[in-house]
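Input: a single structure, listed below in structure tokens.
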Amino acid sequence: MSNHTIAAPITTWAEARTTDREVLNRAEVAALLTVDARTVDHAIEDGTIPAIRLGRRVLIPRRPFLAAFGIASPESA
């Protein structure tokens, strides 16, 4: 992926399991869980969803996120 390519959003659990991306964003996680992004913020704050903050950006590591919801990624299965 070049510097100027924007990754297509992940919208399904199958995509989340098989993508080569290492992080998801709040909007993608909210769409996967069918909740509002503010609900994702609360889950991050209480530790339910693992996240890393880089300045104003919130990144959710894909593998720990999947593991938190009992979903194995193909490379760990």
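This one's a predicted model, so the numbers in the text were calculated from it and none came from an experiment.
- In terms of heavy-atom proximity, R63 sits nearest to E22 at NH2-OE2, 3.4 Å.
- The backbone N or O of E15 lies less than 3.5 Å from no partner atom in the side chain of T19, so there is not a single donor-acceptor pair.
- Put simply, V29 and I71 are part of the same group of oily side chains (I, L, V, M, F, W, Y) that touch within less than 4.5 Å, one to the next.
- Closest of all the heavy-atom pairs between I60 and P50 is CG2-O, 3.4 Å.
- Between A8 and R21, the shortest heavy-atom contact is O-NH1, 3.2 Å.
- Here the closest heavy-atom approach between residue R53 and residue V58 is recorded as NH1-CG2, 3.0 Å.
- Using a 4.5 Å cut-off on side-chain heavy atoms (C-beta onward), W13 and L66 make contact.
- The shortest heavy-atom contact between E28 and L24 is OE1-CA, 3.3 Å.
- Residue R57 holds its CZ atom at 12.0 Å from CZ of R26, rounded to the nearest 0.5 Å.
- Note: R17 CZ to T12 OG1 = 10.5 Å, rounded to the nearest 0.5 Å.
- Using a 4.5 Å heavy-atom threshold, the side chains of L33 and F69 count as touching.
- Here the shortest heavy-atom pairing between I44 and A51 reads CG2-CB, 3.6 Å.
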